[in-house]
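Residue numbers start at 1 and run along the sequence shown. Excluded from the calculations below are hydrogen atoms, water molecules and symmetry mates; all remaining heavy atoms, backbone and side chain alike, are included. If you're wondering where the values come from, they're calculated on a predicted model, not measured in any experiment.
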Amino acid sequence: MADATTMLSICDPVQLILIKLDTSGETTLVASHFLEWRSVLESETGATSLAVELLGVGAECKVSVGILNVKLELYPPLSKILSQEIVKTQLSIERQKTAEKERLFLVYAKQWWREYLQIRPSHNTRLVKIFAQDENWINRPVCSYVRPLRAGRLLDTPRQAARFVSVLGFEKAPVVGGGGKQEQWCTLLAFLCRNKGDCEDHCNLLCSLLLGFGLDAYVCVGTKGKGVAHTWVMTYGTDGTVTFWESLNGHRYLHKPINPDAPPMVEQPKCEYPYRSIGCIFNHQCFLANCQPSDSVELCVFDLSDESRWKPMSEEAIKSVCSPGSTTSLPPFPPLCSSVVDAAAESNDLELQLRFLVSEYRKDLGLTTVWEDHLSYLLTPALASYEIERTTGICAGNEEFQDSIRRAVPNGHTFKGFPIHFVHRNSRRAFATCLRSPFCDEILSCRGDQIRLAVRVRVFTYPESACAVWIMFACKYRSVL
């Protein structure tokens with residue numbers, strides 16, 4: 001059992017996240033607060049009560065959203081408590097050390113940036129991001145947003161981790177007024193609690209998970225088409241293979257640099273990835289800025305040990321402000337939670353809701369609706385196959401699905417199917433999206449002889465109750481010339 005002195009040396013705060021959940025299931029981050037808990041070490045009863053003022057996030061980080069009454073109690077109680085003066089002195093010393101470490105890192109970062117600009121003045125336009133604001137608009141070194149994260153038994157492979165990250169919702173940071181994109185990177189707990197975030201949040205989580213799986217992973221900062229700022233993840237293989245991971249959809253791309261000096265008749269590798277330029281890469285230990293003549297991704301050589309191509313920051317400087325347990329770093333990443341969603345029950349509920357919406361839609365068109373349960377069931381393998389393909393990149397089971405459909409559709413009849421994917425479980429939102437597709441509307445408003453309709457929903461659950469939802473609408477009817 002730890003004594004009071006040992007516990008006093010634990011500087012990690014308790015992070016409190018306040019989320020608002022509306023009737024449609026949408027989440028909004030209301031407050032993020034780091035609670036200093038060590039005042040309980042001076043309590044004779046082993047318990048203390050605190051009134052914590054919670055402030056808003058982003059542009060509202062100075063606005064109070066309410067008071068939270070917190071009761072802290074230690075189990076088992078300490079045999080010996082600390083005096084208020086000892087606790088107060090320890091916290092004061094830590095604040096001074098934190099301020100000094102942050103000051104020294106800022107001095108070093110400024111000097112490093114001046115050296116980087118002296119290599120080539122055009123470096124001033126490259127996306128080299130050393131600091132980023134969190135949800136409370138506190139500037140933190142970008143390396144502090146990444147840390148090796150093991151998923152326990154919840155995720156089995158790096159590709160499954162990429163799929164999990166991709167089904168977390170994508171939402172840009174809200175902007176108040178004009179001025180373009182609002183810069184805001186969320187701490188991991190805030191991102192997971194709201195179950196959605198910007199591409200930087202997805203990348204930080206994916207990079208952390210890939211590091212947890214033992215890969216040499218980095219977050220890349222650069223641009224995609226039309227010069228839009230973007231982040232993605234890169235892994236560096238022991239054989240020098242460079243793989244890009246798109247955190248928003250789970251796609252993977254092999255990178256093969258183009259040789260600009262190659263003769264015209266030499267065939268160059270084709271670039272399938274959407275990335276255009278790269279300014280820097282980082283993880284929990286490294287920060288490297290691209291100092292090659294061109295920042296074009298297709299020309300980039302990822303020899304990270306070559307300082308003429310990649311200017312590194314001092315690993316000691318990064319460690320001083322980003323290492324776990326450091327007073328300047330974020331608290332330890334929370335372990336991922338298993339899903340509380342019942343996949344079978346959710347699939348069934350969504351399917352029933354969609355049947356009702358389709359029947360009402362056809363009723364408004366003056367059409368009757370006849371459902372065929374057997375045909376609906378036969379759509380299940382296709383949905384499972386789509387999810388396997390998204391996770392592994394391998395298409396499996398399509399032959400059996402096609403054979404079963406041929407057997408279920410009589411001669412002289414036509415079959416049409418429309419699959420679609422969502423990362424939410426709102427039936428009305430999903431149905432509205434489906435109606436915007438002319439292919440889906442053609443099925444739902446189908447007219448003809450012996451029309452039978454089918455719909456199948458399959459919910460695939462991931463940690464943190466994230467879900468991949470596959471829906472397939474289908475119909476079969478007798479072709480009339």
Chemist: Does the side chain of Thr5 come under 3.5 Å of the side chain of Asp3 through a donor N or O and an acceptor N or O?
Modeler: no
Chemist: Quick check for you: to the nearest 0.5 Å, what is the distance between Leu211 atom CG and Gln285 atom CD?
Modeler: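 Reported value, rounded in 0.5 Å steps: 8.5 Å.
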Chemist: Output the distance between atom NE2 (His284) and atom SG (Cys143), rounded to the nearest 0.5 Å.
Modeler: 9.5 Å
Chemist: Does the ring centre of His255 sit less than 6.0 Å away from the ring centre of Phe302?
Modeler: yes
Chemist: Nearest 0.5 angstrom please: Thr98 OG1 to Arg103 CZ, how far?
Modeler: 13.5 Å
Chemist: For Arg309, I'd like to know if atom CZ has over 12 heavy atoms of other residues, nucleotides or ligands within 6.0 Å.
Modeler: yes
Chemist: Assess whether side-chain contact (heavy atoms from CB on, under 4.5 Å) is satisfied between Val221 and Val142, documenting all intermediate values.
Modeler: CA-CA 11 Å; Val221 181; Val142 291; over 6 Å; no
Chemist: Roughly how far, to the nearest 0.5 Å, is the OG1 atom of Thr187 from the CZ atom of Phe333?
Modeler: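 Answer rounded to 0.5 Å: 8.5 Å.
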Chemist: With a 4.5 Å limit on heavy-atom distance, are the side chains of Val219 and Tyr145 in contact?
Modeler: no
Chemist: Glu26 and side-chain hydrogen bond (donor to acceptor under 3.5 Å, both in side chains): which single residue from Lys20, Arg194, Lys196 fits?
Modeler: Lys196
Chemist: For the pair His123 and Tyr116, name the ring-plane relationship: parallel under 30°, tilted 30 to 60°, perpendicular over 60°.
Modeler: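 Ring orientation, 0 to 90° scale: parallel.
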Chemist: Please determine, by modelled atom types, if Glu246 and Tyr275 share a side-chain donor-acceptor pair under 3.5 angstrom.
Modeler: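 Side chains of Glu246 and Tyr275: pair found under 3.5 Å.
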Chemist: Using the ring of each side chain (for Trp, its six-membered ring), is His424 parallel, tilted or perpendicular to Phe422, with breaks at 30° and 60°?
Modeler: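 If you compare the ring of His424 with that of Phe422, the planes turn out tilted.
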Chemist: Would you say CD of Gln111 has more than 12 non-hydrogen atoms from neighbouring residues, nucleotides or ligands within 6.0 angstrom?
Modeler: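 Enclosed.
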Chemist: Would you kindly say whether Thr231 and Glu200 are connected by a side-chain donor-acceptor distance under 3.5 Å?
Modeler: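 No.
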Chemist: Can you label the angle between the Phe287 ring and the Phe282 ring as parallel, tilted or perpendicular, going by 30° and 60°?
Modeler: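 Aromatic pair Phe287/Phe282 classed parallel.
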Chemist: Using a strict cut-off of less than 4.0 Å between a Lys/Arg side-chain nitrogen and an Asp/Glu carboxylate oxygen, indicate whether Glu94 and Arg38 qualify as a salt bridge.
Modeler: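 Here Glu94 pairs with Arg38 in a salt bridge, since their nearest N and O are under 4.0 Å apart.
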Chemist: Check step by step if side-chain contact (heavy atoms from CB on, under 4.5 Å) holds for Leu299 and Gln292.
Modeler: CA-CA 9 Å; Leu299 299 176; Gln292 296 169 61; over 6 Å; no
Chemist: Verify side-chain contact (heavy atoms from CB on, under 4.5 Å) between Glu464 and Phe191, making sure each step is shown before the conclusion.
Modeler: CA-CA 11 Å; Glu464 298 295 329; Phe191 174 43; over 6 Å; no
Chemist: Less than 4.0 angstrom from a charged side-chain N to a carboxylate O is my criterion; do Arg458 and Glu387 meet it?
Modeler: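 Between Glu387 and Arg458 there is no salt bridge, as every charged N stays at least 4.0 Å from the carboxylate O atoms.
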Chemist: Please check if the number of heavy atoms outside Gln84 that lie under 6.0 Å from its CD is greater than 12.
Modeler: no
Chemist: Just so I know, are the side chains of Tyr273 and Lys224 near enough to count as touching, which here means a heavy-atom distance under 4.5 Å?
Modeler: no
Chemist: Mind checking the CD1-CG spacing from Ile17 to Leu54? Nearest 0.5 Å is all I need.
Modeler: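 One gets 10.0 Å once the value is rounded to the nearest 0.5 Å.
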Chemist: Does atom CZ of Arg120 have more than 12 heavy-atom neighbours from other groups under 6.0 Å away?
Modeler: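 Yes - once you tally the heavy atoms of other residues, nucleotides and ligands closer than 6.0 Å, there are more than 12.
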Chemist: Got a salt bridge between Lys88 and Glu85, using NZ or NE/NH1/NH2 to carboxylate O under 4.0 Å?
Modeler: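 Answer for the salt bridge query: no.
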Chemist: With a cut-off of 6.0 Å (strictly less than), are more than 12 heavy atoms of other residues, nucleotides or ligands near CD of Glu115?
Modeler: yes
Chemist: Which value, rounded to the nearest 0.5 Å, describes the distance between Thr223 atom OG1 and Lys226 atom NZ?
Modeler: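 NZ of Lys226 is found 13.5 Å from OG1 of Thr223.
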